[in-house]
Amino acid sequence: MDKKPWNLVRALFVAVLVVSVATLGVAAVIGGNWVVWLRGAAVAAASVWLVALAGQAARGKRSAYLRIRFISLAAPIGIVLILLAPDSGYPDWMKAEQGVVGVLVAAVAVIVNRRAVREAFPKRGKLG
């Protein structure tokens, strides 16, 4: 299996982690409501998990690949809803941060849904 896509996926998830930790740092300096802290911490924790999943997928674990594929499609949709919500409780600076996270995760979706990557994880029972 080609490891190049997984190196890029891992790097994108690490970038999400860095952005999320920076968000928590900003919240600590300028203050943030409970929504900012909850979302920031949840995204940071999820990105650590996604980095680990990317490593598992790079080693050929189909369940890790499927989780990444689902999350990389669902998360940007949820982020768009946050960005469009008129009174979500998120300050504008955090909406901008979530926009960056959404773009990074959408890039993962493009990578993991390429034919070559999908073919590296055939459904059980299918012959290669």
Side-chain angles (χ1 to χ4, degrees):
M1 176 185 318
D2 185 12
K3 302 286 186 196
K4 269 177 72 172
W6 294 109
N7 291 337
L8 183 53
V9 166
R10 185 177 294 137
L12 289 166
F13 286 145
V14 168
V16 171
L17 175 60
V18 169
V19 169
S20 299
V21 170
T23 297
L24 294 172
V26 169
V29 171
I30 67 171
N33 60 23
W34 69 272
V35 175
V36 169
W37 285 101
L38 181 63
R39 179 75 182 182
V43 173
S47 60
V48 169
W49 176 61
L50 289 166
V51 169
L53 277 181
Q56 293 174 8
R59 292 188 297 278
K61 189 169 182 182
R62 180 174 164 74
S63 61
Y65 164 70
L66 292 175
R67 284 181 179 92
I68 290 170
R69 193 170 175 202
F70 174 78
I71 291 165
S72 68
L73 293 171
I77 294 168
I79 290 169
V80 167
L81 294 175
I82 288 171
L83 297 178
L84 296 177
D87 187 22
S88 61
Y90 297 102
D92 289 339
W93 64 266
M94 187 163 199
K95 285 187 174 188
E97 177 266 347
Q98 285 295 289
V100 170
V101 168
V103 168
L104 293 169
V105 176
V108 170
V110 169
I111 294 165
V112 300
N113 283 291
R114 288 185 179 159
R115 172 174 277 192
V117 177
R118 287 193 324 265
E119 288 176 350
F121 296 91
K123 291 182 182 176
R124 288 187 172 93
K126 289 206 173 190
L127 297 177

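Numbers for residues simply follow the sequence, beginning at 1. All values derive from a computational prediction rather than experimental measurement.
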* Between Val36 and Leu24, is there a shared hydrophobic cluster once you connect ILVMFWY residues whose side-chain heavy atoms come closer than 4.5 Å? -> no
* Report yes or no: does Lys3 contribute a side-chain atom to a donor-acceptor pair with the main-chain N or O of Ala58 at less than 3.5 Å? => yes
* Structure fact -> Applying side chain to side chain donor-acceptor pair (under 3.5 Å) to Arg10 and not counting sequence neighbours gives none
* In the single-linkage hydrophobic clustering (I, L, V, M, F, W, Y; side-chain heavy atoms under 4.5 Å), do Val108 and Val48 co-cluster? -> no
* Pick out which of Thr23, Val43, Val19 makes a side-chain contact (heavy atoms from CB on, under 4.5 Å) with Gln98. => Val43
* **Contact summary for Ala85 and Lys95, nearest pair of heavy atoms** => O-NZ, 3.0 Å
* Who passes ring pair (Phe, Tyr, Trp, His ring centres under 6.0 Å) against Tyr65, sequence neighbours left out? -> Phe121
* **Nearest-0.5 Å distance, OG of residue Ser72 to CG of residue Asn113** => 5.5 Å
* Given the rule that I, L, V, M, F, W and Y join up when any side-chain heavy atoms are under 4.5 Å apart, are Val80 and Val103 in one cluster? -> no
* Asked: In a check of side-chain contact (heavy atoms from CB on, under 4.5 Å) between Val105 and each of Leu50, Ile79, Val16, Ile68, which one passes?
  -> Val16
* Mind running side chain to side chain donor-acceptor pair (under 3.5 Å) on Gln56 and Arg67 for me, showing each step along the way? => CA-CA 11 Å; Gln56 293 174 8; Arg67 284 181 179 92; 5.9 Å; no
* Gap between atom CZ of Arg69 and atom CG of Leu53 - 0.5 Å precision -> 15.0 Å
* Is the shortest heavy-atom distance from the side chain of Arg39 to the side chain of Tyr90 under 4.5 Å? -> yes
* To do: Find out if a path of hydrophobic residues (ILVMFWY) with successive side-chain heavy-atom gaps under 4.5 Å connects Leu12 to Ile77.
  => no
* Can you tell me how far CG of Asn7 sits from CD1 of Ile111, rounded to the nearest 0.5 angstrom? -> 10.5 Å
* Structure fact -> All heavy atoms of Ala106 vs all of Pro76, minimum pair found to be N-CG, 3.9 Å
* To do: Determine, using the 4.5 Å side-chain heavy-atom cutoff (strictly less than), whether Trp6 and Val14 are members of one ILVMFWY cluster.
  => yes
* Asked: Can you pull the salt bridge (charged side-chain N to carboxylate O under 4.0 Å, His left out) pairs that have at least one residue in residues 72-87, sequence neighbours excluded?
  -> none
* If you measure from CH2 on Trp49 to CD1 on Ile71, what distance do you get to the nearest 0.5 Å? -> 3.5 Å
* Minimal non-hydrogen separation, Ser20 against Gly40, with atom names -> CB-O, 4.2 Å
* To do: Would you give the length of the straight line joining atom CG of Leu66 to atom CZ of Arg118, rounded to the nearest 0.5 angstrom?
  => 12.0 Å
